[in-house]
Amino acid sequence: DVKYFISVFAANTNGFTSDTISTDGITIDIQKPAVSIIAESFEIDSSDVDWFGPSQALYISANATDNNEVVSYEFSVGSSIGADDAVSWFASEINNINIEIDDLSESKQYFSNVKVLDSAGNISEIFSSDGFVLDYSPPLVGIVSNGPSITNSTKSINLSWSGFSD
């Protein structure tokens with residue numbers, strides 16, 4: 001970044017000049033902020049989670065850098081990378097937010113998205129997560145069998161199961 005200063009003085013026809021005064025400067029910033037990570041989790045700033053169940057909170061956290069100052073984050077959730085068809089874009093002054101997910105569809109993949117605004121008005125590229133899926137239904141119970149109810153083997157037991165699904 002380069003900071004520019006404007007200085008001005010006045011001169012009249014008699015050759016007198018005023019004092020020179022200068023602005024406090026202006027920085028020309030054309031560099032977009034950069035997002036390095038976006039993740040979904042059960043709590044703020046915890047590990048990325050890919051599956052959410054009933055009554056679980058969805059927190060989205062993003063990390064971004066800028067050559068000056070990041071002033072706001074915009075988040076959305078969509079059924080494809082960069083989309084906002086599930087939760088429309090909305091602004092936040094902080095880099096982590098909580099989203100209500102009760103109205104989203106089960107077993108469908110969603111992607112969290114973020115774009116960042118810096119103090120000069122530059123907007124980052126949209127950065128998307130690796131996605132998450134909602135699972136509100138328990139697995140279907142199957143059958144487990146241990147074969148005979150009594151054995152003389154101390155080294156192995158034969159087990160089998162079937163019918164489980166999710």
Side-chain angles (χ1 to χ4, degrees), residues 1-139 166:
D1 290 341
V2 176
K3 195 168 194 175
Y4 295 93
F5 298 88
I6 309 297
S7 298
V8 176
F9 68 92
N12 64 19
T13 56
N14 291 331
F16 295 107
T17 59
S18 69
D19 290 337
T20 301
I21 57 171
S22 298
T23 64
D24 56 357
I26 185 168
T27 301
I28 309 281
D29 175 6
I30 58 171
Q31 184 176 338
K32 293 179 180 182
V35 179
S36 58
I37 192 167
I38 183 172
E40 300 95 1
S41 59
F42 301 130
E43 346 179 290
I44 294 174
D45 293 330
S46 62
S47 298
D48 185 49
V49 175
D50 293 329
W51 290 89
F52 288 84
S55 303
Q56 289 180 315
L58 169 64
Y59 286 92
I60 302 173
S61 299
N63 290 337
T65 57
D66 187 58
N67 57 330
N68 282 304
E69 178 186 15
V70 170
V71 294
S72 72
Y73 296 79
E74 289 186 35
F75 293 95
S76 77
V77 175
S79 58
S80 62
I81 289 174
D84 70 342
D85 55 331
V87 177
S88 296
W89 289 102
F90 67 93
S92 173
E93 292 180 357
I94 58 175
N95 70 330
N96 48 60
I97 48 98
N98 179 298
I99 296 222
E100 182 64 48
I101 58 175
D102 291 342
D103 292 336
L104 300 182
S105 298
E106 182 178 12
S107 301
K108 183 176 182 179
Q109 185 161 26
Y110 293 96
F111 298 88
S112 299
N113 307 293
V114 67
K115 52 187 173 181
V116 179
L117 178 71
D118 72 9
S119 56
N122 298 310
I123 301 172
S124 72
E125 300 297 325
I126 295 173
F127 196 89
S128 299
S129 71
D130 64 351
F132 66 93
V133 179
L134 305 177
D135 185 2
Y136 295 146
S137 305
D166 188 19

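- Counting heavy atoms from C-beta on, the side chains of Leu134 and Ile101 come closer than 4.5 Å.
- Rounded to the nearest 0.5 Å, atoms OG (Ser129) and OH (Tyr110) are 13.0 Å apart.
- Asp50 is not listed as a side-chain neighbour of Val133, based on a closest heavy-atom distance of 4.5 Å or more.
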Please assess Ile81 against Ile126 for the test side chain to side chain contact (heavy atoms under 4.5 Å, CB included), listing each intermediate value before the final yes or no. CA-CA 9 Å; Ile81 289 174; Ile126 295 173; over 6 Å; no
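- Using a 4.5 Å heavy-atom threshold, the side chains of Ile99 and Val77 count as touching.
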Could you go through Ile97 and Phe90, starting from their C-alpha distance and side-chain angles, then the distance that decides it, and tell me whether this counts as side chain to side chain contact (heavy atoms under 4.5 Å, CB included)? CA-CA 11 Å; Ile97 48 98; Phe90 67 93; 3.8 Å; yes
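- Checked by atom type and distance alone, the side chain of Asn113 pairs as donor or acceptor with a backbone atom of Ala83 at under 3.5 Å.
- Put simply, the side chain of Asp118 never gets that close to the backbone of Glu69: no donor and acceptor are under 3.5 Å apart.
- Between the side chains of Asn63 and Ser36, no donor-acceptor pair of N or O atoms lies under 3.5 Å.
- The two residues Ser124 and Pro33 make their nearest non-hydrogen contact at CB-O, 3.1 Å.
- Inter-residue side-chain proximity for Phe9 and Asp19 is flagged as unmet; no heavy-atom pair is nearer than 4.5 Å.
- By the 6.0 Å contact criterion, OH on Tyr4 is open, its count of non-hydrogen atoms from other residues, nucleotides or ligands being 12 or less.
- Inter-residue side-chain proximity for Val116 and Ser72 is flagged as unmet; no heavy-atom pair is nearer than 4.5 Å.
- Contact check for Ile38 versus Ile60: side-chain heavy atoms found under the 4.5 Å cut-off.
- Ion pairing of Glu125 with Lys32 is present here, as a side-chain N (NZ or NE/NH1/NH2) and a carboxylate O approach within less than 4.0 Å.
- Side-chain atoms of Thr23 come within 3.5 Å of backbone N or O of Ile6 as a donor-acceptor pair.
- For CG of Asp103, the number of neighbouring non-hydrogen atoms (other residues, nucleotides, ligands) closer than 6.0 Å is 12 at most.
- Pairing each heavy atom of Lys108 with each of Ser79, the nearest pair is CE-CB, 3.7 Å.
- Atom CD of Gln109 has more than 12 heavy atoms from other residues, nucleotides or ligands within 6.0 Å.
- Asp29 and Asn67 form a side-chain donor-acceptor contact under 3.5 Å, judged by distance and modelled atom types alone.
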Derivation and outcome, side chain to side chain contact (heavy atoms under 4.5 Å, CB included), residues Asp135 and Glu106: CA-CA 6 Å; Asp135 185 2; Glu106 182 178 12; 3.4 Å; yes
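- Of all the heavy atoms in Tyr73 and Ala62, the pair that sits closest is CE2-O, 4.4 Å.
- Between the side chains of Glu40 and Ser112, at least one donor N or O lies within less than 3.5 Å of an accepting N or O.
- Here the side chain of Asn14 pairs no donor or acceptor atom with the backbone of Phe16 at under 3.5 angstrom.
- Between the side chain of Ser128 and the main chain of Gly82, a donor-acceptor pair closer than 3.5 Å is present.
- Ring to ring, Tyr136 and Phe52 are not that close: their centroids are 6.0 angstrom or more apart.
- Defined by atom type and a distance below 3.5 Å, a donor-acceptor pair is missing between the side-chain atoms of Asn68 and Ser119.
- Within 6.0 Å of atom CD1 in Ile28, more than 12 heavy atoms from other residues, nucleotides or ligands are found, so the atom counts as buried in its surroundings.
- At a threshold of 4.5 Å between non-hydrogen side-chain atoms, the residues Phe75 and Ser92 count as touching.
- For the residue pair Phe132 and Val49, the shortest heavy atom distance occurs at CB-O, 4.2 Å.
- Asp84 places no side-chain N or O within donor-acceptor distance of the main-chain N or O of Ser76, the cut-off being under 3.5 Å.
- Rounding to the nearest 0.5 angstrom, the gap separating the CG atom in Asp24 from the NZ atom in Lys3 is 6.5 Å.
- At distances below 3.5 Å, not a single donor-acceptor pair connects side-chain atoms of Asn96 with backbone N or O atoms of Ser61.
- Atom CG in Asn95 sits 12.0 Å away from atom CD in Glu93 (nearest 0.5 Å).
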